[in-house]
Protein chains: 2
Amino acid sequence: MTSVSDQPSTARARVTIREVAREAGVGIKTVSRVVNGEPNVAAATAERVRETIARLQWEPDAHASNLRRTNTRTRTLGLLLGSVDNPFAATIHRAIEDVAIHRDVAVFASSLDEDPAREIAAVEAFVRRKVDGLILTCAAGSQSYLAEVVPPEVPIVFIDREPADFTADTVRSDNLGGSTLATRHLLAQGHRRIAGLFDRSAIWTSQQRREGFARAMAEYGVAPDQLDAMSDLTTPQAAEATVLELLGSPTAPTAIFSAQNRITVGAVHALRKLGRQHDVALVGFDDVELADLIDPGITVVAQRPAAMGQAAAERLFEQLDARRAGDPLPAVDAVLPVDLVCRGSGEIRPSAPTD
Amino acid sequence: MTSVSDQPSTARARVTIREVAREAGVGIKTVSRVVNGEPNVAAATAERVRETIARLQWEPDAHASNLRRTNTRTRTLGLLLGSVDNPFAATIHRAIEDVAIHRDVAVFASSLDEDPAREIAAVEAFVRRKVDGLILTCAAGSQSYLAEVVPPEVPIVFIDREPADFTADTVRSDNLGGSTLATRHLLAQGHRRIAGLFDRSAIWTSQQRREGFARAMAEYGVAPDQLDAMSDLTTPQAAEATVLELLGSPTAPTAIFSAQNRITVGAVHALRKLGRQHDVALVGFDDVELADLIDPGITVVAQRPAAMGQAAAERLFEQLDARRAGDPLPAVDAVLPVDLVCRGSGEIRPSAPTD
DNA sequence: TTGAAAGCGTTACCAC
DNA sequence: GTGGTAACGCTTTCAA
């Protein structure tokens, strides 16, 4: 009665490694060896097992494997971005996915909306799910919490922004150099009254870009406290309103440096509304789609989000491999270059040249 | 020797439910009850357990729990998109994440690049990871494989495109109505020679939009076989080249219907290159960023990707709840309306009116 | 109200 | 080469 019944491979019920072993007439460990590509299995046996797996349509249970595996890899990665629907972040995301897929690693993506609490909650959720590694954009003022929340064997790579109170690999753009470059470009056209428009000042990149703006202005003799710099512009609408106001004032700027893609969009809208797009110069940080089709084309300092994503993912896997081998790599701060793309808006000269 | 040692809560090593139980002086089942909010635990006991959990910083292992749990929820969801960096898809992604986060569900996102093999591989990877549900954009010609690959208790919602050979909930735009609307809009301006530019014909939405285009043209007496319709334009570059060629021919169209966002971008580039953007009419399907800042503004049939994502995620969770309660909901085909947004390019009249 | 014991589906260890 | 058997960290079952 308890003997092997000759039921055909019926029910789509749940197929386990045991059924496969029984059907193939081998031990369960042998099946395990085959699926994991371990040595010490006769070619013929392996073939038979593979055939059985295919016939029974068995899929190994990832959770069960990870439970016992010492080298525990969930083949899973946690990615935290400003927002998955921001073009800059989405490009990073895609590049990371392209690296991860080669290792059969799946990506959990989360948006943080500049909310420190959400950053911590997302990291905790990733850790609970035992991700192999983390690629993080940070919103919180300090990343010291990571030391207690993330196990030491889980590598972390920061992307786009440098962390505070925590040391780990970072991949980011040359924000300082880029914003200096952008500002100098406007100064070189003869502009002296240049308005700098920035995102919320709590964001690391926003601070860096503001610093770059200030440095370039200082080179031309403008003291930091005399800067026409507006921070905390969190939406295109806020940027638009600010530009409308600035240009209405008696000391209106002749040029604008917009330090983030959404701010650039708002600024362009404002200039159009006033019909002054051929009159007031504009350079933006981070590229914008269709920037070349607008009249005038928008001059920007373009970042390399795809390269950033790729570099971050590759570094993460290097760390993973190194740590499994026993020696973690030292943290590296990778800075990617940015490119000034001249399309017209940044090459407008002031109506009454200062120089 | 084997008695309980009074080691202080040392090593950040791995804390398990057993340690917590031992420290709190209760059985492990009681700890389990507390973390899962099950009844039959004295308030004082529960409090003591919670205190111990906090002190030991224990995080339950999600994989271990899911192994034995019958009601197995990994609080995980698989999302397959054309590409995570396409703005349309990225907006859907964000909307889904916003619904999922309320249920503490994490989202695995994957891109398929219109590759049928990648679709299947991605779904298998999701299933292996025991996701609670799937939201899929499909590239394969048939989704019949899902019946064998996806366990019946895992709900599937299709987004953007209808599946073939498989029945499940679908959330999509009114592609047929939208493309008819777009084409009629051009016809109403007096255009009769209208070129239709489409994505690869294997894609469901591409077929639908082509059908809508054909129907509207037929209303004005143009037979399907006389249509100026170009398919398989997979990149903006291809679209641009096609438009350049079309406009150079003796029977050049006076208007263009571009059936996808990247095709629209290519078409605009071509028109600019020829300096004919104020001369040849253009209506695109799916909105494009900064379309209002270009001169002329691009008239489009706008979809509602955020609403699509939200609807799909909500439907998925409804199905999940219903199935756990024992009665799956019948499959529904939700069709979201599209909106004609007139910005100028679609309102250009033919130089030599036909009517 | 509580906890001991028996799984869940896989991999690790060690005999054969 | 091969296959038992004991984990892995938790939930379920069931007896106390």
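Not measured: the values here are computed from a predicted model. Residue numbers start from 1 in every chain, and the chains themselves are labelled A, B, ... in the order their sequence lines are given, proteins ahead of strands.
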In whole Å, what is the span from the CG atom of A:L67 to the C1' atom of D:dG9?
6 Å
Any carboxylate oxygen within less than 4.0 angstrom of a Lys/Arg side-chain nitrogen, looking at B:R48 and B:E51?
no
Is any side-chain nitrogen or oxygen of A:S32 closer than 4.0 Å to OP1 or OP2 of C:dT10?
no
Inspect the contact between B:D132 and B:R103 and indicate whether a charged nitrogen and a carboxylate oxygen are less than 4.0 angstrom apart.
no
Which of D:dC10, D:dT2, D:dG9 is nearest the side chain of B:I17? It is D:dC10
Indicate yes or no for a side-chain donor-acceptor contact from A:R33 to the backbone of A:E38 under 3.5 Å, with no hydrogens or angles considered.
no
With sugar-phosphate meaning primed atoms plus P, OP1 and OP2, does A:P39 contact a base, only sugar-phosphate, or nothing at under 4.0 Å between heavy atoms?
nothing
A:T45 side chain near D:dG1 phosphate (N/O to OP1/OP2, under 4.0 Å):
no
Rounded to whole angstroms, how far apart are NZ on B:K130 and P on D:dT11?
18 Å
Rounded interatomic separation in angstrom, taking CZ from B:R128 and P from C:dT10
12 Å
B:D61 near the nucleic acid: base, sugar-phosphate alone, or nothing, with a heavy-atom cut-off under 4.0 Å?
sugar-phosphate
Within this structure, what is the CZ-to-P distance between B:R33 and D:dT11, rounded to whole angstrom?
11 Å
Taking OP1 and OP2 of C:dT2, is either one under 4.0 Å from a side-chain nitrogen or oxygen of B:T30?
no
Under 3.5 Å, is there a donor-acceptor pair between the side chain of B:Q143 and the main chain of B:F166?
no
Starting from P on D:dT5, measure out to CD1 on A:I28 and report it in whole angstrom.
12 Å
Let me know the distance between NZ of A:K29 and P of D:dA6, rounded to the nearest Å.
16 Å
Residue A:T16, side-chain heavy atoms: nucleotide from C:dG3, D:dG3, C:dT10 that is nearest:
C:dT10
C:dT2 OP1/OP2 closer than 4.0 Å to side-chain N/O of B:N40:
no
Charged N to carboxylate O under 4.0 angstrom, B:D113 versus A:R94?
yes
Within this structure, what is the CG-to-P distance between A:L56 and C:dG9, rounded to whole angstrom?
14 Å
Compare the minimum distances between each of C:dG3, C:dT2, C:dA12 and the side chain of B:V41, then state the nucleotide with the smallest one.
C:dT2
Rounding to a whole Å, what distance do you find between A:H63:NE2 and D:dG9:C1'?
14 Å
Proximal nucleotide (of C:dT10, D:dC10, C:dG3) relative to the A:W58 side chain:
C:dT10
